[in-house]
Amino acid sequence: MNQMPFEAEILRDEAAVPRDVVRERVYGGVRVVAEWPEDLATSEIRVGVEVGGDFDRRDAPAYVELFFHDVFLILNLSTPGSFAGIISMAGGELRVRDVTFSARIFEYASGLERVPVEKVIAWYDGLGIGTEQIATTGVAAALFELLHLARGEEDEEQSVVRLAGAAEALGKRDELTRLFELREEIARGRTPVIHPMHDDGLDPRVEDATAEWIDVVDRAAGVVISALQQLAGAHRGA
């Protein structure tokens, strides 16, 4: 049995104030426990994390990083847009890389409700994803696509492609016809190639070129996240 303490510092996104916390995750024979402060509205949140169980000490940082990926999904599926920021993690001689999470996809989506965090955790546990790094079910694929969007810079093309993958995995293709048409256009190189600055002040055509994409992405995000929330809310497990 190994025990390794870590310290995580969350530079919280100004708009994201956690309504709840996740105190524990279990990955097979490894248990990750987090000690959160009472005040979650501060700009910096310090969290004590302990990894315990049967694991190679070199793998401990990976469990800490995985824990916060789970936290991001659980808290944002419970209360959309409530958890985001830059997380710095360190423990003894081991340093986990800084990880940035953006909740913009949850903020852009409309018509979302709040699901009790206990229900989301029970549902998430029931998925049995654990330490899997390759999705083996449609729901896991959809969740992984959301994580990719959360970890990356804002990019309309990637949002279209990732959300189409998530929607398809959840059986929502028929509800999002234009999303899949745009994905096909992207794949065939039929969409405008925009400068990485993406500055409509320098070139007003940028706004016109991306206006429809933004509307399609926002609607797709709502459909995908709402479908996941419905699955979590309907879960009957303990």
Side-chain angles (χ1 to χ4, degrees), residues 10-17 68-69 72-73 75-87 97-114 133-135 138-231:
I10 303 170
L11 184 60
R12 183 178 61 79
D13 185 291
E14 186 177 347
V17 180
F68 281 106
H69 279 77
F72 174 83
L73 286 174
L75 295 188
N76 281 304
L77 286 172
S78 173
T79 305
S82 65
F83 186 80
I86 302 171
I87 306 177
R97 59 179 174 168
D98 293 353
V99 178
T100 300
F101 291 103
S102 168
R104 61 179 174 270
I105 204 72
F106 292 89
E107 295 164 357
Y108 294 166
S110 59
L112 301 180
E113 300 180 354
R114 187 169 185 271
Q133 299 293 287
I134 299 175
V139 172
L143 292 170
F144 288 7
E145 296 284 21
L146 292 182
L147 285 174
H148 276 286
L149 290 173
R151 291 288 310 276
E153 295 289 334
E154 187 165 20
D155 181 311
E156 282 85 2
E157 282 197 2
Q158 278 300 305
S159 295
V160 168
V161 172
R162 293 286 185 189
L163 284 170
E168 194 160 35
L170 294 171
K172 298 294 180 180
R173 187 181 184 113
D174 292 344
E175 297 180 36
L176 297 165
T177 304
R178 185 54 183 150
L179 176 74
F180 286 92
E181 289 175 350
L182 280 176
R183 184 177 71 170
E184 182 69 13
E185 290 173 16
I186 291 169
R188 293 180 179 275
R190 295 174 179 169
T191 54
V193 179
I194 300 174
H195 192 286
M197 284 179 63
H198 211 280
D199 194 317
D200 57 9
L202 297 177
D203 186 344
R205 294 177 302 166
V206 170
E207 184 175 1
D208 294 334
T210 58
E212 184 196 14
W213 290 33
I214 292 170
D215 289 342
V216 170
V217 164
D218 290 357
R219 181 168 183 274
V223 169
V224 167
I225 296 167
S226 179
L228 292 169
Q229 285 189 316
Q230 288 174 21
L231 290 172

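Start at 1 with the first residue, then count along the sequence.
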Smallest heavy-atom separation, Glu156 atom then Trp213 atom, equals CB-CE3, 3.4 Å

Neighbour count >12 (heavy atoms, 6.0 Å) for atom CD, Glu212:
yes

Where is the tightest heavy-atom contact between Gly81 and Ala103, given as atom of each residue plus distance?
CA-CB, 3.9 Å

Distance check, rounded to the nearest 0.5 Å: Asp203 atom CG versus Asp208 atom CG?
9.5 Å

Intermediate values then yes/no, side chain to side chain contact (heavy atoms under 4.5 Å, CB included), His69 and Arg151
CA-CA 10 Å; His69 279 77; Arg151 291 288 310 276; 3.0 Å; yes

Is it true that Phe72 and Phe106 have ring centroids separated by less than 6.0 Å?
yes

As a quick check of understanding, evaluate side chain to side chain contact (heavy atoms under 4.5 Å, CB included) for Val17 and Ser82, giving each step before the final call.
CA-CA 5 Å; Val17 180; Ser82 65; over 6 Å; no

With Glu157, the side-chain contact (heavy atoms from CB on, under 4.5 Å) member among Val193, Thr191, Thr210, Leu182
Thr191

Chi angles and distances behind the side chain to side chain contact (heavy atoms under 4.5 Å, CB included) call for Asp13, Ile86:
CA-CA 8 Å; Asp13 185 291; Ile86 302 171; over 6 Å; no

Among Leu146, Leu176, Val216, which one satisfies side-chain contact (heavy atoms from CB on, under 4.5 Å) with Leu163?
Leu146

Between the OG atom in Ser159 and the CD atom in Glu145, the distance rounded to the nearest 0.5 Å is 11.0 Å

Hey, is CZ on Arg205 packed in by over 12 heavy atoms from elsewhere, all under 6.0 Å?
no

Closest contact, heavy atoms only, Ala142 versus Ala169
N-CB, 4.2 Å

Euclidean distance, Phe101 CZ relative to Leu75 CG, rounded to 0.5 Å
11.0 Å

side-chain hydrogen bond (donor to acceptor under 3.5 Å, both in side chains) with Arg190: which residues, sequence neighbours excluded?
none

State the CG-CG distance between Leu228 and Asn76, to the nearest 0.5 angstrom.
12.0 Å

Pair Glu154, His198: side-chain N/O donor-acceptor within cut-off below 3.5 Å:
no

Just so I know, are the side chains of Phe83 and Ile10 near enough to count as touching, which here means a heavy-atom distance under 4.5 Å?
yes

Before accepting this row, confirm whether a basic side-chain N of the pair Glu107/Arg104 lies closer than 4.0 Å to the acidic partner's carboxylate O.
no

With a cut-off of 6.0 Å (strictly less than), are more than 12 heavy atoms of other residues, nucleotides or ligands near CG of Asp174?
no

How close do Asp199 and Gly201 get, counting heavy atoms only, and between which atoms?
OD1-N, 2.7 Å

Closest contact, heavy atoms only, Ala109 versus Ala221
CB-C, 3.7 Å

Is there a side chain to side chain contact (heavy atoms under 4.5 Å, CB included) between Leu143 and Leu77? Walk through the geometry before answering.
CA-CA 10 Å; Leu143 292 170; Leu77 286 172; 4.0 Å; yes

State the CD1-CD distance between Ile225 and Gln229, to the nearest 0.5 angstrom.
7.5 Å

Result of checking Lys172, Arg173, Arg178 against Glu175 for salt bridge (Lys or Arg N to Asp or Glu O under 4.0 Å)
Lys172

Over all heavy atoms of both residues, which pair between Leu179 and Ala167 is shortest? Give the atoms and the distance, please.
CD2-CB, 4.4 Å

Between Val139 and Leu170, is any pair of side-chain heavy atoms under 4.5 Å apart?
yes

